[in-house]
Amino acid sequence: ISPPYNARRVAIFGGTHGNEMSGVTLVNLWIQNGKEIHRKGVETKPFITNPRAVEKCTRYVDTDLNRAFTTENLSAPSGDDLPYEVQRAQQINEIFGPKGSPEAYDVIFDLHNTTSNMGCTLILESSKDHFNLQMMHYIKKAIAPDSCPVLLTEHPLLKYSTSRSVAKHPIGLEVGPQPQGVLRSNIFESMRVVLKHALDFIELFNEGLEFPPCTVDVFRVSEKMDYPRDTNGNIIAMVHPNLQDCDWEPLNPGDPMFQTFDGTTLRYEGAGTVYPTFINEAAYYEKQQAFVTTRRETLAAGAIKKT
Ligand SMILES: CC(=O)N[C@@H](CC(=O)O)C(=O)O
Ligand SMILES: [Zn+2]
């Protein structure tokens, strides 16, 4: 049984992106009435992370909050001249962090929606986070036969500094497909159900239940794929119909990937099978990303017990 584990202080973030409506709506509901998220021995705080973006129903105001939690931003001298989201990151770091310190919150769930057909995805930032691996194992078992893929974002270049990263155990919840600014009841419900199981797990853990060693199948981020573009940076092809909505399905060398406006098929020419996800995510056009490839991996989690 590894590190001293504790999970008394938990936060649920909504509105890290102000146009992702399931998280915004659930968190606002729970701010009004926290009964549903209350668990024995746990203090759970629902929190709107980017209120100005929520008010405008936009992803962000000045810069993407979910990229803003860098050491550089968090240690910058504070002031009104900083971009709004950098100021906000500093405030969030004060309330829920400081990031990387013993005083930081134990667990932060960050609720997101995607326009991609990713279903109900759990986002894991570290392959060595045994607490989160155990939680994800528990959630996967609880929602079966429905599935709940785990996306591991650990990557030397592609990892980014998320709002949830101020916690000791950061967990992203990414549910789609749902257009920006729209609420869909099925997406809303599946987010709610996953969070219920997650909080149940934390309650069991705090009651002293020991979770034996287990394994978790994950999809590890491999490569970011941009749309084909002309020399001015304009897109010259779309996601191919055979790939559209096929998040988590195998893409093999030679399979259709993009389709140009005159109908030409562009094929995947990588080495070996990959599992694309975030396919045609609206927010990623500005990030030059049509989808991300992942590879399957099985991670081992050691036993955990409250200490
Ligand atoms: C569509 C979207 O916003 N996705 C999230 C993923 C995450 O929370 O890790 C992001 O890019 O910040
Ligand atoms: Zn988001």
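Every number for a ligand or one of its atoms is a count from 1 in the order of the listing. Along the sequence shown, residues are numbered consecutively beginning with 1.
Because the distance cut-off is set at 2.8 Å, E20 qualifies as a neighbour of the Zn ion (ligand 2) through one of its N, O or S atoms.
The ligand atoms of ligand 1 that sit less than 4.0 angstrom from a heavy atom of I123 are 6 (C), 7 (C), 9 (O). Interface atoms of ligand 1 facing N66, defined by a heavy-atom separation under 4.0 Å, are 7 (C), 8 (O), 10 (C), 12 (O). Atoms of ligand 1 found under 4.0 Å from any heavy atom of E281 (numbered from 1 in listed order, with element): 1 (C). Close approach of ligand 1 to E174 is summarised as follows: ligand atoms under 4.0 Å from at least one heavy atom of the residue are 1 (C), 2 (C), 4 (N), 5 (C), 6 (C). Those atoms of ligand 1 with a heavy atom of E20 less than 4.0 angstrom away are 1 (C), 2 (C), 3 (O). Atoms of ligand 1 found under 4.0 Å from any heavy atom of R164, numbered from 1 in the order shown, are 7 (C), 8 (O), 9 (O).
Taking the charged nitrogens against the carboxylate oxygens, R59 and D64 do have a contact shorter than 4.0 Å, which makes a salt bridge. Residues E125 and R164 are paired through a salt bridge, judged by an N-O separation under 4.0 Å between the basic side chain and the carboxylate. Here R192 pairs with E189 in a salt bridge; the nearest charged N to carboxylate O distance falls below 4.0 Å.
Close N/O approach between Y284 and ligand 1 is found [any backbone or side-chain N/O within under 3.5 Å]. The shortest N or O to N or O distance between R59 and ligand 1 is under 3.5 Å. Taking only nitrogen or oxygen atoms, main chain and side chain alike, R67 reaches within less than 3.5 Å of ligand 1. Between Y160 and ligand 1, an N or O atom pair is found at a separation short of 3.5 Å.
With no hydrogens or angles considered, no side-chain donor-acceptor pair links N66 and T16 at under 3.5 Å. Side-chain atoms of Y60 and N19 form no donor-acceptor pair, as typed in the model, at a separation below 3.5 Å.
Residue H17 approaches the Zn ion (ligand 2) most closely through its N/O/S atom ND1. Closest to the Zn ion (ligand 2) among the N, O or S atoms of H112 is ND1.
Not close to ligand 1: K287, with no non-hydrogen atom less than 4.0 angstrom away.
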Determine, step by step, whether T114 and E281 satisfy the side-chain hydrogen bond (donor to acceptor under 3.5 Å, both in side chains) criterion, reporting the C-alpha distance in whole Å, the side-chain angles of both residues, the deciding distance to 0.1 Å, and the verdict. CA-CA 6 Å; T114 173; E281 160 56 42; 2.6 Å; yes
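Checked against a 6.0 Å centroid threshold, the rings of Y160 and F69 do not count as neighbours. Aromatic rings of F291 and Y284 (six-membered ring for Trp) have centroids beyond the 6.0 Å cut-off, not under it. Taking the ring centroids of F258 and H240, they lie at or beyond the 6.0 Å cut-off.
Between the CD atom in E297 and the CD atom in E154 there is a gap of 8.5 Å [rounded to 0.5 Å].
When non-hydrogen atoms are compared, ligand 1 lies under 4.0 Å from neither the backbone nor the side chain of K159.
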